[in-house]
Structures are given as C-alpha cells and as structure tokens.
Amino acid sequence: MIANHGTVSGPLDRPADIMVAEVSRLLAATVFLGQSVADLRRADSAFDVLDGLMRGGAPLPLHWSADGDAERHEPVTALYDSVSESLREVGGAAQSFVALRRAVTEWGRLDAALRSGGPLPEPWQR
C-alpha cells in the first residue's frame, strides 16, 4: 500500500477533470430503456456542473488543450449546444433513451475535438 502525501498528482485532480470523467461515465453507463429517464437527469446534472466550472473560468481539464483558433469555435459550439439540448430532453423512457444516445455521440465528438486542441465552445471562451 502506498501512502498519499499529496505530492503526486493524478489525472483527476482538477474539478473539471472529475466532471468530464463523470459525464463520460454516466453517458457510457446507459444500457436499459427503463433507466433512461433517471440516467438522462444524472448526466444532465453532471454536465451542468462542468458547464458552470467552464463558464466560471476553472482550469481546463488536463487533456483539453483548447489551443485552436477561438475565431473558429462555431463547429465546437454546435457540438456543445447539441449535447446540452440532448441532455435537457424531457419525456418518457423511449424519448430519454434516444436523447441519451444522441448525447453520447455528440459528447464523444466534443470531447475529441477539445482533446485534439480545438477551440473552446463560445460559452466557455476565456
């Protein structure tokens, strides 16, 4: 067993890193139609926390470089909007399941764009 004396930092030290991992985990965990309404609410709540951190100027997750040209943020902003809108979907199990599947796809694309150095979406611009 190794003692943690606070000298070694891991990949999830920043609140934004924790929330990116949580959004990814929640979106990947949806398997059953019957759980889709609750799963959608949980993923939406986690994304809301991440959104608040990013809008508030919290340090970026370590794997998001966001070095891209801020003037070219439209495609990334469209992905951000799509994730946000999908997670806010209201309805029954079938509608929530479809919204979750859409959010999974769009979140994957948004995360990949930011991992590859794309600019931050407009609401998160600094």
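One is the number of the first residue; the rest follow in order along the sequence.
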CD-OG distance between E106 and S84, expressed to the nearest 0.5 angstrom: 12.0 Å
Donor on one side chain, acceptor on other, T105 and R109, under 3.5 Å: no
Worked verdict on H63 versus D111 for side-chain contact (heavy atoms from CB on, under 4.5 Å): CA-CA 9 Å; H63 59 273; D111 188 41; 3.6 Å; yes
Steps toward side-chain contact (heavy atoms from CB on, under 4.5 Å) verdict (V37, Q95): CA-CA 8 Å; V37 174; Q95 190 173 355; over 6 Å; no
R126 atom CZ: more than 12 heavy-atom contacts under 6.0 Å: yes
Check: S116 side chain, A112 main-chain N or O, donor-acceptor pair, under 3.5 Å: yes
Taking every non-hydrogen atom, the tightest pair across L33 and A94: CD1-CA, 3.7 Å
Audit row: L120, T77, side-chain contact (heavy atoms from CB on, under 4.5 Å) steps and yes/no: CA-CA 8 Å; L120 292 171; T77 299; over 6 Å; no
Rounded distance [0.5 Å steps], CZ in R115 versus CG in L110: 11.0 Å
Check ion pair R102-E89 (N to O, under 4.0 angstrom): yes
Under 3.5 Å donor-acceptor, S45 side chain and R41 backbone: yes
Spacing of OG belonging to S96 relative to CG belonging to D44, to within rounding of 0.5 Å: 10.5 Å
R42 (side chain) donor-acceptor with L26 (main chain) under 3.5 angstrom: no
Atom pair CD/CZ of E85 and R88 - distance to nearest 0.5 Å: 6.0 Å
Step-by-step side-chain contact (heavy atoms from CB on, under 4.5 Å) determination, L87 to D48: CA-CA 10 Å; L87 292 175; D48 282 347; over 6 Å; no
Approximate separation, where rounding is to 0.5 Å, of M54 CE and W64 CH2: 6.5 Å
Plane angle bin for W124 and F47 - parallel if under 30°, tilted between 30 and 60°, otherwise perpendicular: tilted
Any donor-acceptor N/O pair, D39 side chain to L27 backbone, under 3.5 Å: no
